[in-house]
Every structure is written in C-alpha cells, then in structure tokens.
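Following: one structure in structure tokens, then a few remarks.
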2 protein chains.
Amino acid sequence: MMTKKDKLMCEAKAKVLKALAHPTRLWMAEQLADGERCVCEFANMVDADFSTISKHLTVLKQAGIVEYDKRGKQVFYRLKVPCVLKFMSCVEAVIKSEVKEQAALIE
Amino acid sequence: MMTKKDKLMCEAKAKVLKALAHPTRLWMAEQLADGERCVCEFANMVDADFSTISKHLTVLKQAGIVEYDKRGKQVFYRLKVPCVLKFMSCVEAVIKSEVKEQAALIE
DNA sequence: TGAACATATGCCAATATAACCAAATGTTGT
DNA sequence: ACAACATTTGGTTATATTGGCATATGTTCA
C-alpha cells in the first residue's frame, strides 16, 4: 500500500529528481562538480536568455541541490550535495542498455 | 560551453530522471526493488485509476527503467537497471539537508 | 463462440513548465 | 546621487504532463 507517509516522502524525492530532470539544469549541475560558477559564466556557456538561466538555478536552489553566495555584483552557485552527480553513471547505464537493445533490433 | 553533444547527452539523461520524477512512478519503481509486480497489484496499492497506473508504467518502460513480461492475462513489470534506486539515498540526503536548515531557521 | 478479466489507448480538461521580453532590484565605482 | 553592471522577478504565451473516463485489445475459460 502506498501510505500517506510514502506519498509525502515520494513527493519530496520527486521534487529533487524533477529539478535535475531538465537538460540545461542537469548540465549546469554537472559543471558545478568542477567548482562554483557565477550566473554570468553560465550565461556565456548556455544558449538561453539570462533570465531563463537564473530561473533554472533557482529551481536547483529550491530543490536543495545547490547553494549560492553573493559576492559583489555576482552570485556564485555551487553544489550542496555532490552525490547527486554520482547517480549519473547509473543513468548512463540505463541509456546504454536502451541503445544496445535498439541496435540489436536493427540487426 | 554546452556543446551540441552535451545537449543531446543531457537530454537523454534528463528523460530518465524525468521518468522517476513523479511520486507515483518513483514509488512503483521502489516497490520493484523487492521483485516483479503485475499491474493489478499496483492497482490495489495505489489510489489512482487503472489507466493512470498503466500509463505511468509505460513512461518507466520507455525510459528504459523497467521491462515487462506478459504471462497469461497479466503483465509483470520489473526493474531493468536496479542501480536507479541506489540513488535514492542521496536524494534523501538532499532532503535531510533541507529539513535541517529549515529547522535551524526556526530556532 | 462468447463472457469475464487484465491491460492499454484515445480523448479531453486541468494544471504545470519553459522560454522570452521587459522591468525591478541590488551592488560597485565615480 | 548616478551610471553601469549582475541578477531576479513578473507577465505572457506555447507546450507538456497528468488524470480520469470511455473504449479497444488481447487472453483465458466455459
């Protein structure tokens, strides 16, 4: 049975996953594995409006994945819970498994 | 720079994450850690329309997270890449970190 | 063959997300 | 105080997701 407690817990977890479940946000989170970045750096690296990038970072912030630091005019974001990226090797395994199957179908 | 290749890769990964980023789907995936389940079992465990459950399972299937097996009238789903659940301990760490911070604010 | 059952699919309405532009906020240096 | 800059916020529109209902498909058993 999916209890009320289960539901609440899964909603909380889903929120975190959802935050990472966007190509741009995921990419930015991965970049932060190398250390903090300011919003302006992302603006140069990603092809999207400045405000769009800012909003994506806000989503990551609200999910508890990143934290930030205002220094002067700039805002620096960094990973708060770096383990989120360790998961990516598994996600890649899922993708590889799919690709393999599709390749097998073509044969 | 977020290259075209980066983008494609992140889109693929995001698709997998997105599939898990729904409370009901996440819960169902977690249940499958204990072994396969048929759709009818989920129907008894989750408070949602049968068709809704079926659709959620289809999303997990298309993301490559689960696979199924038709046996008689029933369809059994099981985890295809079990490591996806290992990530949950990290997701829980994110949540705990948030809860702690909020608790600290109240003090 | 036909009834009973398990699951999937199509359609639709409600809601959530994403992106851009324009405008607001906050900071630094003059 | 003002101009220049970095970032956030609000408004709007386009698109995607979700969930339920009704319907279709496929299987078993009599």
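Residue numbers begin at 1 in each chain, while the letters A, B, ... track the order of the sequences. As a basis for the values below, the full set of heavy atoms in this structure was taken, side chains included, without hydrogen atoms, waters or symmetry mates.
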Review point. Taking the side chain from K13(B) and the backbone from A21(A), do they hold a donor-acceptor pair closer than 3.5 Å?
Key: no
Point to revise | L20(B) CG to dT18(D) P, straight-line distance once rounded to whole Å | key: 12 Å
Check your understanding: Does the side chain of E30(A) come within less than 4.5 Å of L85(A)'s, by heavy atoms?
Key -> yes
Practice item. May I ask you to evaluate whether R71(A) reaches the phosphate of dA6(D), defined as a side-chain N or O under 4.0 Å from OP1 or OP2? Key: no
Point to revise | Degree of bending, the helix from dT1(C)-dA30(D) to dT30(C)-dA1(D) (end axes from five pairs; round to 10°) | key: 30°
Point to revise | Short side-chain N/O contact to dT7(D) OP1/OP2 from S54(A), under 4.0 Å | key: no
Point to revise | Check against salt bridge (Lys or Arg N to Asp or Glu O under 4.0 Å), K18(A) and E11(A) | key: CA-CA 10 Å; K18(A) 211 174 197 172; E11(A) 277 167 1; over 6 Å; no
Check your understanding: Minimum heavy-atom separation for R25(A) to L60(A), with atom names?
Key -> O-CD1, 3.8 Å
Check your understanding: Would you say L32(A) and R37(A) make side-chain contact, with heavy atoms under 4.5 Å?
Key -> yes
Check your understanding: Should the heavy atoms of other residues, nucleotides or ligands under 6.0 Å from CZ of F76(B) be counted, would the total exceed 12?
Key -> yes
Check your understanding: For the pair made of CG in L57(B) and P in dT18(D), what is the distance, rounded to whole Å?
Key -> 13 Å
Check your understanding: Roughly how far, to the nearest 0.5 Å, is NZ of K96(A) from OG of S89(A)?
Key -> 9.0 Å
What N/O pairs connect the protein and nucleotides 10-13 of chain D at under 3.5 Å? Give each pair on its own line.
| unit_1 | atom_1 | unit_2 | atom_2 | d |
| --- | --- | --- | --- | --- |
| dG10(D) | O6 | K55(A) | NZ | 2.9 |
| dG11(D) | O6 | K55(A) | NZ | 2.9 |

Review point. Rounded to the Å, how far apart are M28(B) CE and dT18(D) P?
Key: 11 Å
Review point. I53(B) CD1 to dT18(D) P: how many Å, rounded?
Key: 15 Å
Exercise for review: Supply the atom-to-atom distance L26(B) CG to L17(A) CG, rounded to the nearest 0.5 angstrom.
Suggested key: 6.0 Å
Practice item. Using a 4.0 Å heavy-atom cut-off across all strands, classify Y77(A) as base, sugar-phosphate, or nothing. Key: sugar-phosphate
**Study point:** Interatomic distance where NZ belongs to K70(A) and P belongs to dT8(D) [whole Å]
**Key:** 7 Å
**Study point:** Distance test, side-chain N/O of H56(B) to OP1/OP2 of dT17(D), below 4.0 Å
**Key:** no
Practice item. Report the distance from atom CZ of F50(B) to atom P of dA24(D), rounded to the nearest whole Å. Key: 18 Å
Review point. How about V81(A) and C90(B): do any of their side-chain heavy atoms sit closer than 4.5 Å?
Key: yes
Review point. How far apart are the closest heavy atoms of W27(B) and V46(B), and which atoms are they?
Key: CZ3-CG2, 3.6 Å
Review point. Do the charged groups of R78(A) and E67(A) touch, with an N to O distance under 4.0 Å?
Key: yes
Exercise for review: Would you indicate what K18(B) reaches in the nucleic acid, counting non-hydrogen atoms under 4.0 angstrom: base, sugar-phosphate, or nothing?
Suggested key: sugar-phosphate
Exercise for review: With heavy atoms under 4.0 Å as the rule, sort Y68(A) into base, sugar-phosphate or nothing.
Suggested key: nothing
Exercise for review: Using atom CD of E41(A) as one end and atom P of dA6(D) as the other, report the distance to the nearest whole Å.
Suggested key: 12 Å
Point to revise | 5' precedence on DNA chain C between T58(B) and D47(A) (nearest-nucleotide basis) | key: T58(B)
Point to revise | Integer-rounded Å distance: dT18(D) P and K7(A) NZ | key: 14 Å
Check your understanding: Does anyone know the first and last nucleotide of DNA chain C in reach of chain B, 5' to 3', at under 4.0 angstrom to a heavy atom?
Key -> dC5(C) to dC11(C)
**Study point:** E98(B) and K80(A) ion-paired at < 4.0 Å
**Key:** yes
